[in-house]
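In this chain, numbering begins with 1 at the start of the sequence shown. It should be emphasised that the depicted structure is a prediction, and the values quoted were computed from it without experimental measurement.
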Amino acid sequence: MSPFGTLPHSIITTSILPFVTTDDWLSFRGASRGSFEIVHGTTNVSFSYCSMCQPTTCSMCDSSSIGTNRGTNDRSYAESEALWKIALVKDYQFERPSDEKRGTRASDTSQKYNLMTSIHSPMNERGSDHALLTTNNVFEATTSYSSWKHWRHIDRRFHEGHDIGPNERVKGPYFLRAASLWTKIEKWCCDESKSSTLGGDMKQSFFPGQRILASDLDEPEAKLSALKAVYAFYAGQNGDERTDQGLFGGVFAYNFGRNMHWERWTCLHFGNADKTFLVSSDALEILNTLVCMDLSSGQLEIFQGSTFVPATPHQSEDAILLWFEEHARRLDIGYYEVGKLSQDDDDDEAGLSLLQYPSIVDTVNCSRAVTRGVEVVSSAVFCPHDNMFIYSIRMRLLTPEDGVEYQSEEERGFISCQLRSRHWRITKQSRVEEVRGDGVVGEYPLLIEGSYASYNHEGADALATASNFEKGYFTYQSCCEGTSRMLEGYLHFIPGTLEVPTGATFAVRVAPFSLNNAPEFYY
């Protein structure tokens, strides 16, 4: 039998090394220059330098000089690439493309599976003032070994001082998903056209990312792979002073309401239930809603009193990632709007909040109609723990900036209009119920282009008190019991004001919108 050192490289890289640990590979490469070439496809020890590293300060670089990334020949390079892709699959749970042929350079398919995408985490960023990871350190590695090496560094830093089994290693794809969702949230926070002043304040409330280990939670069998990834970039919100900046937003009507704040990691017990990880809670402490992760399964649930409801559509150990990803997607596409949580809040110091009502981006659960220049946008949120809907109906008079739907004063026939009454048509299964009443929740809002003034009696001469006008939508928020239904109707306005009318009453359409008690995600 041939001595080990004289075996063909392809035999060693395909039939021997894949069946031992990567630590064994690293030991083997140190045996000789030839062994190094088998493992890495080159004899250049600086081949894995990456653009994120500073060779004089970062221990991740093999040398202070930058060398070529290619090996002595294409075949040895390709064999090394195939070998370290196996390592990424074995050690950090990446998926290897089924259609990728061994012995080829990284393809578009492997990029799809993120084999060459890694995260730089330099040693000199340690400390309580720095996040464990940051989104701007995601990069594309030039070799599979370079990608693996950076994941190994993250894994070591994450579990420093702790003995762990192979199943407790960081899961690379989860961390890349977390980096992607946090990039979207950061982008939303920095875009004042979407988040106004709330975004900057919210981002300032985030704690730096930190590691979460099973030993810290006293739960050796906990399903933590997805949780580790989410909390590595940021780790909860500082909510000691403000209740209006909850990352997951809120709803409010009458005396019911919530504003869901992202919690720093805390473990709870509910009676005889398994230990749970508190993810989000109601900062207003009215409905006392909690979102918790079952540590034994990874499933996310919304909780109040003794009722648990799954917060995601599927039972899976990456539920917290799915939940955060959906929230980040909604922020990114403008699914939520920003405003005062309660229309009745007269406190000038009251801050802006993220409003959970779907915007017109969601054409299924939000409706919009324009009648004589008056726009009405309607949507609802289901609260499973209270078995009720909180719905929001927003109204305003369009401005020239709104484009083709805008009507001038001459076209619509009035400068201002004031709400007189409402007429709802509620469809539950095959039954139709009609409800009529004056105003909405005791209010008779007056609309001018782009602004409104709110009055709680019919006889207000609103034009004489123009300083009371606020920009944006007048928002009517109410609630009802939680049977699925369709709501539509009309709001009856009078041109001018109720006290000084300038024309006949006209009906403004409220287009049908769904009150759906089985959404895919709960926040």
Looking at every non-hydrogen atom in both residues, tell me the closest pair between [X] and [Y] and how far apart they are.
X: Thr117; Y: Ser147; answer: O-OG, 3.7 Å
X: Arg29; Y: Val39; answer: CB-CG2, 3.9 Å
X: Ile185; Y: Phe206; answer: CG2-CE1, 4.3 Å
X: Arg264; Y: Ala235; answer: CG-O, 3.6 Å
X: Leu181; Y: Phe324; answer: CD2-CB, 3.8 Å

Taking the six-membered ring for Trp, are Trp323 and Tyr522 closer than 6.0 Å centroid to centroid?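 Here the rings of Tyr522 and Trp323 have centres that are no less than 6.0 Å from each other.
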Near-ring test Trp262/Tyr234, centroid separation under 6.0 angstrom: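 Ring centroids of Tyr234 and Trp262 are no less than 6.0 Å from each other.
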Inspect the surroundings of [atom1] in [X] and state if more than 12 heavy atoms from other residues, nucleotides or ligands are less than 6.0 Å away.
X: Lys184; atom1: NZ; value: yes
X: Lys194; atom1: NZ; value: yes
X: Phe521; atom1: CZ; value: yes

side-chain contact (heavy atoms from CB on, under 4.5 Å) partners for Ser297, two or more places apart: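 Expected list: Asp294, Gln299.
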Checking ring-ring contact (aromatic ring centres under 6.0 Å, His included) against Trp25, which of Trp148, Trp84, Phe19 comes through? Trp84
State which residue, out of Phe277, Trp182, Phe158, fulfils the ring-ring contact (aromatic ring centres under 6.0 Å, His included) condition with Tyr231.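 Among Phe277, Trp182, Phe158, the one meeting ring-ring contact (aromatic ring centres under 6.0 Å, His included) with Tyr231 is Phe277.
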I'd like to check Met260 versus Val291 (side-chain heavy atoms, cut-off strictly below 4.5 Å). Are they in contact? yes
Any side-chain heavy-atom pair of Leu247 and His327 under 4.5 Å: yes
Could you tell me whether [X] and [Y] make a salt bridge, using a distance below 4.0 angstrom between a side-chain N and a carboxylate O?
X: Arg157; Y: Glu160; result: no
X: Asp91; Y: Arg169; result: yes
X: Asp155; Y: Lys171; result: no

Can a donor-acceptor pair be found, under 3.5 Å and without considering hydrogens, that links the side chain of Ser379 to the backbone of Cys366?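 Not a single qualifying donor-acceptor pair exists.
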State the OG-CZ distance between Ser359 and Arg330, to the nearest 0.5 angstrom.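 Rounded to the nearest 0.5 Å, the OG-CZ separation comes to 10.5 Å.
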